[in-house]
Amino acid sequence: MSDDPQKKLKICVIHGPNLNLLGHRDKSQYGTLTLDKLNRLIRRTAEACGMDVSIYQFNSEEKIIRTLHRLRKVSDGIIINPAAYTHYSYAIRDAIELLPIPVVEVHLSNIYEREEFRKISVTRDVCVRQIYGKKEESYLEAIRYLQDYLKKA
Ligand code: DQA
């Protein structure tokens, strides 16, 4: 984490399970972009906001948790799409709660207008904001939100 206001802010994006198959998943929920294309958009937007971004995708809960632990010392903020873990992973919730930096939860689809089990997010309360239902724009809005949030901090 940096205290120097001149230094570029470092953010990190974590995509959860099955998001590696974007472009092949239900396009009406998740949009048409592949993960590579989405990541290019994320990089371009972060760059335009003057921030450095690292991007990860993990299918396993353990790798997400290990990465959250590691980022506590090196990142200024995190954007996470915990994917299906959103709905039941108290372990990821606890890992987010332990972080001294802001975390924004994002979803491509509108999880509140789908199956009942998707309406529950166990991670939402420990994040500074939840953004959903805007397909790739959910991530881009999260970048801009984090930029404003960190500027005010
Ligand atoms: C998702 C919504 C989750 O319910 C689902 O399991 C995903 C993706 C989204 O981005 O809309 O894998 O997080």
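One-based numbering, in listed order, for ligands and for the atoms of each. Here, residue 1 is the first one in the sequence, and each next residue gets the next number.
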Counting from 1, what ligand 1 atoms have a heavy atom of R25 closer than 4.0 Å?
7 (C), 12 (O)
With heavy atoms of H87 as the reference, note each atom of ligand 1 found under 4.0 Å away.
3 (C), 4 (O)
T86: heavy atom below 4.0 Å from ligand 1, yes or no?
no
Is there a heavy atom in Q29 that sits closer than 4.0 Å to ligand 1?
no
Checking contacts here: is it the side chain or the backbone of R118 that comes within 4.0 Å of ligand 1, counting heavy atoms only? Could be both or neither.
side chain
Determine whether the side chains of E105 and T86 contain a donor N or O and an acceptor N or O closer than 3.5 Å.
no
Distance alone, cut at 3.5 Å: any donor-acceptor contact between the side chains of D26 and S28?
yes
Are any of the N/O atoms in [X] less than 3.5 Å from those in ligand 1?
X    : answer
A84  : yes
R114 : no
L108 : yes

Could you walk me through whether R144 and C49 pass the side chain to side chain contact (heavy atoms under 4.5 Å, CB included) check?
CA-CA 7 Å; R144 294 188 286 265; C49 290; 4.2 Å; yes
Taking the six-membered ring where the residue is Trp, are the ring centres of Y56 and F58 under 6.0 Å apart?
yes
Starting from [atom], locate the nearest protein heavy atom and write down its residue, its atom name and how far away it is, to 0.1 Å.
atom                    : value
atom 1 (C) of ligand 1  : H107 ND1, 3.7 Å
atom 8 (C) of ligand 1  : Y30 CE2, 3.5 Å
atom 11 (O) of ligand 1 : S109 OG, 2.6 Å

On a heavy-atom basis, the closest approach of L19 and L35 is O-CB, 3.7 Å
Grab the two heavy atoms, one from T123 and one from S89, that are nearest each other, plus how far apart they are.
CG2-O, 4.4 Å
H15 pairs by side chain to side chain contact (heavy atoms under 4.5 Å, CB included) with which of I42, L22, I64, N59?
I42
Using a 4.5 Å cut-off on heavy atoms from C-beta on, say whether the side chain of I79 contacts that of I11.
yes
